[in-house]
Structures are given as structure tokens and as C-alpha cells.
Chemist: 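Okay, here's the structure, questions in a sec.
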Amino acid sequence: MKRTHYSSQITPEMNGGSVTVCGWAHEIRDLGGITFLIVRDREGLVQVTLFKKTIDKNLLEIVRNISRESVVTVTGNVKKEAKAPNGYELVPTDIKVLGKAESPLPMDTTGKVDADLDTRLDVRFMDIRRPHTQAIFRIRHLILNSIRDFMDREGFIEITTPKIVATATEGGTALFPITYFEREAFLNQSPQLFKQIMMSAGLDRVFEIGPIFRAEEHDTRKHLNEATSIDIEASFLDNQDVMVILENLVQRVYSDVAETGSKYLRTLGVELEIPGIPFKRITYDEAISIASDSGDNIEWGDDLSTESEHYIGKTIGEHYFIIDWPTKIKPFYALPYENRSQVCRAFDMMHPRMELSSGAQRVHSYDLLRRRITEQGLNPDGFDFYLKAFRYGMPPHAGWGLGVERLLMTMLGIENIREVVLFPRDRRRLSP
RNA sequence: GUCCGGAUAGUGUAGCGGCCUAUCAUGAGGGCCUGUCGAGCCCCCGACCCGGGUUCAAAUCCCGGUCCGGACGCCA
């Protein structure tokens with residue numbers, strides 16, 4: 001019962017050797033005199049071949065009674081065979097059913113019949129058995145690996161900050177209220193405040209990969225109520241510096257995935273184009289001017305509409321930055337320019353289809369920060385724990401947050417963000 | 001939240017007033033078959049979202065509800 005090999009580790013050269021594989025009964029093809037059992041494991045498929053004339057009758061009986069998608073373990077001898085899919089097949093000496101699958105199945109796993117996304121999400125465990133769906137999450141893993149490696153080389157320390165917080169909001173988005181013993185608390189909208197506090201702590205460069213929660217009732221293909229954010233914060237760097245880190249990271253992630261994930265990219269039919277750096281930088285003023293070419297007149301100080309975002313994306317055609325945003329539509333911690341305070345040192349990093357990241361050089365002066373909080377209509381009292389870190393030696397710093405799901409979906413050309421989350425949380429879906 | 005589209009066997013679909021005892025594929029059950037690899041062939045099983053209405057007649061038209069998809073809005 002103990003696995004000796006994954007399907008991908010067996011080769012025709014192992015001819016005559018005995019192996020044990022564990023997996024799911026992907027398909028059973030009974031041709032009468034010869035029966036094939038296709039076993040699927042995480043890495044691929046193995047063909048198990050039973051010849052009626054020579055095989056143990058009990059084994060044949062077991063195989064003929066296996067329902068599709070049951071969990072099986074097969075011990076057998078590798079037989080080099082040109083007619084078999086990978087140049088070899090397994091002639092079994094022992095087959096056990098470890099977990100019987102009911103039938104009919106709630107969805108097809110072989111790729112013969114499509115299923116709606118809604119159906120697939122209801123039985124996500126089965127959906128992920130499909131190589132296509134699994135490939136998405138294998139690539140997600142490669143992306144996260146690549147990011148951690150990149151950050152480590154750049155001198156960033158990985159941190160984890162609380163997801164249960166007392167502050168109602170940093171502004172903008174609505175939060176999910178929860179009960180924390182006898183008090184009201186919230187699920188964190190981002191690690192923003194805590195990663196900044198780490199700058200005062202002297203950690204110099206930090207990053208976090210973790211969940212963020214937004215209680216907005218959005219209903220689109222690019223929004224989630226629970227998402228994963230990659231956040232960085234770095235001292236003694238400005239907005240320009242962290243933009244360079246960001247574009248380098250994105251390029252690195254693409255090239256790492258192209259290199260280590262070719263098998264999964266092939267499964268998904270994706271040809272990765274590695275973005276060139278530096279990414280184009282356009283100012284907010286230039287962005288609204290481009291948008292006006294499409295007939296969408298955005299008043300200075302308003303956020304970009306979805307339509308304009310698409311139009312600008314199509315015009316530029318590759319990853320780009322929008323810089324120098326109006327101070328009033330960016331959060332209080334974005335640093336206004338000294339000589340032109342209605343504009344701030346904030347940036348958004350865009351994929352032609354959508355925003356992937358936003359960041360800024362931060363306000364590090366206590367007095368200014370306190371004023372900015374008030375100007376944005378928030379009460380500084382709720383920010384005491386945060387403001388305190390600015391009173392005893394806060395270095396200048398900058399950072400950004402990047403959405404993992406959006407990075408993944410734009411990389412793979414996937415339309416709906418729910419496809420790239422194991423168990424998506426949206427306006428209506430809370431289970432599974 | 002607004003607008004548009006949709007809901008038919010386990011899954012994916014066709015049908016859009018009578019030709020419906022509802023199409024096709026896949027699947028489930030049974031049978032034949034020694035090289036399948038989306039196996040093939042034969043038999044068989046399984047469905048019109050819920051409620052109301054129009055009509056001689058409703059899967060089909062109308063109204064309400066629920067759910068799903070898309071666009072927009074909302075969204076450091």
C-alpha cells in the first residue's frame with residue numbers, strides 16, 4: 001500500500017521492476033480479453049493492463065468492479081510496451097480499493113463533458129482532480145515560491161500580521177465586523193498599518209503573503225471578498241525605488257514560471273510572454289487624457305471608470321504604471337508632493353485588463369500623518385497604536401500590495417477570478 | 001444595487017405553443033469484443049427550477065419568486 005513511485009517517476013527502462021502506485025481510477029476500459037485500468041495520481045496517469053488469459057481471476061474481478069474515481073493502490077511489474085501511452089504499462093500483482101467512489105459522479109473528470117463553474121465550485125474536490133484545474137494551483141505554488149525567493153534575495157524579511165483588528169477602517173472599503181469576546185472587531189482589509197509599524201521597528205524591509213478581507217458587495221469577475229495579498233514595505237526607499245522592485249518581481253515570476261511550470265502551462269495551453277522592463281509610466285493626468293480619447297471624460301480627481309481602465313490598457317497593451325495620483329482619492333498614508341500637495345507619490349501597477357497592485361511612498365511625519373487622517377474624514381483616535389510608531393523615530397519608507405489572484409489570472413489568461421481560488425468567497429458564495 | 005441573458009436526466013446540451021411518449025453527447029446498469037488511450041458496437045435507465053396565470057392545448061407565452069452567467073456600479 002505504500003507508494004514507491006508517482007506515475008511520472010516510472011520509465012520503460014524500469015522494465016521488470018516492481019512498483020506501487022496510489023491514485024484514483026480515472027477510467028476502466030474492459031475490452032474482453034484485455035482490460036485497462038487507468039490510475040491517475042497528482043503527477044499523471046499510469047496504465048494498468050490485465051490479460052484475461054494470464055491474470056489472477058480475483059484481480060480481474062476487482063478491476064471490473066471498481067467504480068470510476070475510487071481510490072486504488074496497485075502493485076505491479078513495469079512492462080516496456082510500445083503500444084502503451086508512456087511506453088510502459090503495469091502488469092498488476094496486487095490491487096486494492098482504499099476508497100470507493102459513489103456513482104454517478106457529480107461532474108466529469110476526464111474532459112469529455114464540460115461543467116459550469118458553479119457546478120465545479122460546489123464539488124471543488126473533484127474539479128481539482130482534473131489536470132487542467134490542478135495546473136492552475138500548481139502554478140500558483142510556483143509563483144509564491146518565486147516571490148519568496150526573490151524577496152529573500154532582495155533582503156526582505158517575511159512577517160505575519162494580525163487578521164483580527166480593532167480599527168474600523170483605513171478608509172475606503174467596508175470591513176467585516178466580528179465578535180471578539182465582548183468587543184467588536186474586524187477582519188483586516190490589508191496588513192498596511194502593521195507593515196508600516198515594522199519600519200519603525202527597524203526591520204528595514206518586510207513582506208507578507210496573506211489573506212485580506214473586503215466587505216464590498218461587488219459582483220464582478222475580478223473581485224473577491226477574501227483575497228491573497230503580497231505586501232512589501234521598505235525603509236529609506238521612495239516610490240520610484242519600490243516600483244523598480246515591483247516590476248523586477250513581476251518579470252522574475254513570469255520567467256520562473258515559464259521555466260519551472262512548462263508542464264502546467266502546456267496543460268493549460270498557455271504560451272507565456274515575459275513582460276519587458278521597465279514598465280511604461282504614465283501619470284494620472286496622462287491616463288485621463290487617454291481615456292478622454294475614448295469619449296469618457298473623467299473629471300480631475302475622480303477615479304478611473306472600468307471602461308477607461310480597459311481603454312487605457314488596450315492603448316498601452318502591456319504592464320504599466322499610473323503614477324502621481326490625486327491625493328484625495330488615495331489613502332491618508334500616501335505622501336503628497338511637497339510643492340504640489342494635491343498630487344501624491346502613489347502608483348498603481350496595471351495589467352491591460354485590470355489593476356494588479358497599488359503602492360506609494362508613505363507619510364512618515366507624525367504631524368502630517370495625523371492631519372491627513374483627519375482630512376480623509378477619519379478619526380485619529382482609532383489609529384493610536386499606529387500613530388505611536390511615528391512618534392519615536394520613523395524612517396521614510398515606501399511599499400505596495402499586489403493581488404496574488406489577479407497576478408495568476410492575468411498571467412494565465414483566465415477570465416473569472418473564482419477559477420484561481422480553491423474556495424472563493426464572493427457576494428453569494430460562503431460554502432464550500 | 002442597476003441593466004441584459006439564462007434555468008431541460010448525475011454532467012453538458014437541442015427543442016421556444018399541438019409534430020414531446022422531449023434531442024444529442026457523456027454517464028449509470030446489462031451484453032459482445034486481446035491493444036484501448038475521448039475505444040467501438042447492441043440493449044436499457046435517467047430531466048422540462050418553484051408558484052400563479054393565459055389557452056381547447058404550455059418545456060415553449062405572461063406575472064412573481066429563487067438561483068446562475070455577463071456588463072456596470074461599489075471597491076487603499
Side-chain angles (χ1 to χ4, degrees), chain A residues 26-38 40 45-55 64 67-69 79 81-87 89 101-123 126-127 130 169-175 188-193 195-196 212-225 227 229 231 296 303-310 325 327-334 344 346-348 354-355 357-360 362 372 376 378 399-403 415-416 418 426-429:
Chain A
H26 188 63
E27 281 186 282
I28 296 124
R29 285 192 275 271
D30 184 359
L31 276 64
I34 186 168
T35 300
F36 301 102
L37 162 67
I38 313 300
R40 184 192 68 245
L45 303 172
V46 183
Q47 175 167 290
V48 179
T49 307
L50 297 91
F51 300 94
K52 189 180 179 184
K53 276 187 182 160
T54 54
I55 199 75
R64 284 181 170 166
S67 54
R68 286 175 57 229
E69 293 301 320
K79 183 181 156 213
E81 174 55 72
K83 282 182 276 191
N86 300 312
E89 60 195 10
E102 290 178 24
S103 61
L105 300 167
M107 65 172 287
D108 169 60
T109 53
T110 60
K112 288 178 202 166
V113 186
D114 284 341
D116 290 339
L117 181 58
D118 195 52
T119 305
R120 291 167 45 208
L121 291 175
D122 281 341
V123 284
M126 186 149 295
D127 182 39
R130 300 157 78 213
T169 179
E170 297 163 24
T173 196
L175 267 63
N188 207 175
Q189 74 180 82
S190 90
Q192 182 64 33
L193 273 26
K195 65 179 182 172
Q196 283 191 262
I212 55 170
F213 305 90
R214 307 281 163 94
E216 295 298 332
E217 295 190 5
H218 30 224
D219 192 6
T220 77
R221 297 193 292 176
K222 57 181 187 184
H223 289 277
L224 290 165
N225 294 293
S229 173
D231 270 84
D296 194 8
D303 211 341
L304 267 28
S305 64
T306 303
E307 189 195 348
S308 321
E309 203 175 283
H310 289 168
W325 286 79
T327 306
K328 66 172 180 181
I329 53 169
K330 284 292 175 186
F332 61 79
Y333 44 76
C344 66
F347 57 86
D348 279 6
M354 69 189 80
E355 177 190 332
S357 169
S358 68
R362 320 301 191 184
R372 292 288 304 128
Q376 296 293 55
L378 298 163
W400 43 254
L402 167 66
E415 300 285 335
N416 194 320
R418 283 158 257 244
D426 61 35
R427 181 69 188 90
R428 299 185 193 88
R429 189 174 279 277

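Just so it is clear: chains get the letters A, B, ... in the order the sequence lines come, proteins before strands, and each one is counted from 1.
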Chemist: Take atom P in B:C48 and the same atom in B:G1, then report the distance between them in whole Å.
Modeler: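 It comes out at 30 Å once rounded to the nearest Å.
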Chemist: A:Lys53 near the nucleic acid: base, sugar-phosphate alone, or nothing, with a heavy-atom cut-off under 4.0 Å?
Modeler: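 Answer is base: heavy atoms of A:Lys53 come under 4.0 Å of a base.
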Chemist: Can you sort out the partners of A:His223 under ring pair (Phe, Tyr, Trp, His ring centres under 6.0 Å), two or more places apart, ordered by chain and number?
Modeler: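 A:His223: ring pair (Phe, Tyr, Trp, His ring centres under 6.0 Å) contacts with A:His218.
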Chemist: Pick the nucleotide of RNA chain B nearest each of A:Tyr333 and A:Arg418; which residue has the one closer to the 5' end?
Modeler: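 Here A:Arg418 is the residue nearer the 5' end.
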Chemist: For B:A58, give its Watson-Crick or G-U wobble partner with both distances under 3.5 Å, or none.
Modeler: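 In the structure as shown, B:A58 has no Watson-Crick or wobble partner.
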Chemist: Can you tell me which nucleotide in B:C68, B:A39, B:C75 comes closest to the side chain of A:Lys112?
Modeler: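 That would be B:A39.
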Chemist: Nearest of B:A71, B:C74, B:G27 to any side-chain atom of A:Arg221?
Modeler: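 Out of B:A71, B:C74, B:G27, the nucleotide with an atom closest to A:Arg221's side chain is B:A71.
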Chemist: Ignoring the backbone of A:Val113, work out which of B:A25, B:C74, B:C68 is nearest its side chain.
Modeler: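 Of the options given, the side chain of A:Val113 lies nearest B:A25.
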Chemist: Under a 4.5 Å cut-off applied to non-hydrogen side-chain atoms, are A:Gln189 and A:Ile212 in contact?
Modeler: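 A side-chain contact is absent here, since even the closest heavy-atom pair is not under 4.5 Å.
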Chemist: Roughly how far apart, to the nearest Å, are B:C19 and B:G64 at atom C1'?
Modeler: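 Per the computed distance, 32 Å lies between those C1' atoms.
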Chemist: Confirm from the modelled atom types if A:Gln47 and B:U36 form a donor-acceptor pair under 3.5 Å, side chain to base only.
Modeler: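 Indeed there is one.
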Chemist: With P as the reference atom in both, quote the distance from B:U54 to B:G10 in angstrom, rounded to an integer.
Modeler: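 To the nearest whole Å, 32 Å.
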Chemist: To the side chain of A:Arg29, which of B:G12, B:G38, B:C75 is closest?
Modeler: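 Between B:G12, B:G38, B:C75, the one nearest the side chain of A:Arg29 would be B:G38.
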Chemist: Please tell me which of the listed nucleotides, B:U11, B:G1, B:G35, lies nearest to the side chain of A:Asp219?
Modeler: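 Between B:U11, B:G1, B:G35, the one nearest the side chain of A:Asp219 would be B:G1.
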Chemist: Provide the Watson-Crick or G-U wobble partner of B:G10, both distances under 3.5 Å; none if there is no partner.
Modeler: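 Paired with B:G10, as far as the under-3.5 Å criterion goes, is B:U26.
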Chemist: Tell me which of A:Gly401 and A:Glu415 sits closer to the 5' end of RNA chain B, going by the nucleotide each one is nearest to.
Modeler: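 Its nearest nucleotide lies further toward 5', so the answer is A:Glu415.
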Chemist: Please pick, from B:G73, B:C33, B:G12, the nucleotide with the shortest atom-to-atom distance to any side-chain atom of A:Leu31.
Modeler: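 Nucleotide nearest to A:Leu31's side chain: B:C33.
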Chemist: Write down the distance between CG (A:Asp127) and P (B:G12), rounded to a whole number of angstrom.
Modeler: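 So the CG-P distance, A:Asp127 to B:G12, works out to 12 Å.
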Chemist: According to the Watson-Crick and G-U wobble definitions, with both distances under 3.5 Å, which nucleotide is paired to B:G46?
Modeler: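 Matched B:G46 with nothing under the 3.5 Å cut-off.
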Chemist: Name all residues meeting the ring pair (Phe, Tyr, Trp, His ring centres under 6.0 Å) criterion together with A:Trp325; count only those two or more places apart in sequence or in a different chain, and write none if there are none.
Modeler: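 Partners of A:Trp325 under the ring pair (Phe, Tyr, Trp, His ring centres under 6.0 Å) test: A:Tyr284.
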Chemist: Heavy atoms under 4.0 Å, any strand shown: does A:Ser305 hit a base, just sugar-phosphate, or nothing?
Modeler: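 Counting heavy atoms under 4.0 Å across all strands, the contact made by A:Ser305 is with sugar-phosphate only.
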Chemist: Is there side-chain contact between A:Arg214 and A:Leu224, with heavy atoms separated by less than 4.5 Å?
Modeler: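 No, side chains not in contact.
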Chemist: To the side chain of A:Arg428, which of B:C75, B:G69, B:G73 is closest?
Modeler: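 For A:Arg428, the side-chain atoms sit closest to B:G69.
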Chemist: With rounding to whole Å, what would you report as the distance between B:A47 and B:U21 at their C1' atoms?
Modeler: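 14 Å, rounded to whole Å.
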Chemist: In whole Å, what separates the P atom of B:U23 from that of B:C37?
Modeler: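 Between the two P atoms, the distance is 28 Å.
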Chemist: Side-chain contact test, heavy atoms from C-beta onward, threshold under 4.5 Å: evaluate it for A:Thr49 versus A:Lys79 and give yes or no.
Modeler: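 A side-chain contact under 4.5 Å is absent here.
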Chemist: Can you tell me, in whole Å, how much space there is between the P of B:A9 and that of B:A22?
Modeler: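 Comparing P positions in B:A9 and B:A22 gives a spacing of 14 Å.
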Chemist: Tell me which nucleotide among B:G35, B:A71, B:U36 gets nearest to the side chain of A:Pro85.
Modeler: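 Nearest nucleotide to the side chain: B:U36.
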Chemist: Which nucleotide, B:G70, B:G73, B:G35, lies nearest any side-chain atom of A:Asn416?
Modeler: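 The answer is B:G70.
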Chemist: Just call it for A:Asp118: base, sugar-phosphate, or nothing, with non-hydrogen atoms closer than 4.0 Å on any strand.
Modeler: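 Sugar-phosphate only.
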Chemist: Could you check which nucleotide pairs with B:C3 in any of the strands shown, counting Watson-Crick or G-U wobble with both distances under 3.5 Å?
Modeler: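 Per the H-bond distance test, B:G70.
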Chemist: A:Ile34 has a side chain; which of B:G73, B:A39, B:G35 sits nearest to it?
Modeler: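 Nearest nucleotide to the side chain: B:G35.
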Chemist: Using the C1' atoms only, state how far B:U8 lies from B:C50, rounded to an integer number of Å.
Modeler: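 Rounded to whole Å, the distance is 15 Å.
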Chemist: Side chain of A:Glu89, base of B:G35: donor and acceptor closer than 3.5 Å?
Modeler: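 Present.
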Chemist: Could you give the distance separating B:C45 and B:G38 at their C1' atoms, to the nearest angstrom?
Modeler: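 Taking atom C1' in both B:G38 and B:C45, they lie 23 Å apart.
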Chemist: Are A:Lys195 and A:Arg362 side-chain neighbours, meaning at least one heavy-atom pair lies under 4.5 Å?
Modeler: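 Yes, at least one pair of side-chain atoms sits under 4.5 Å.
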Chemist: Is the count of non-hydrogen atoms from other residues, nucleotides or ligands lying under 6.0 Å from A:Arg427 atom CZ greater than 12?
Modeler: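 Not more than 12 within 6.0 Å, no.
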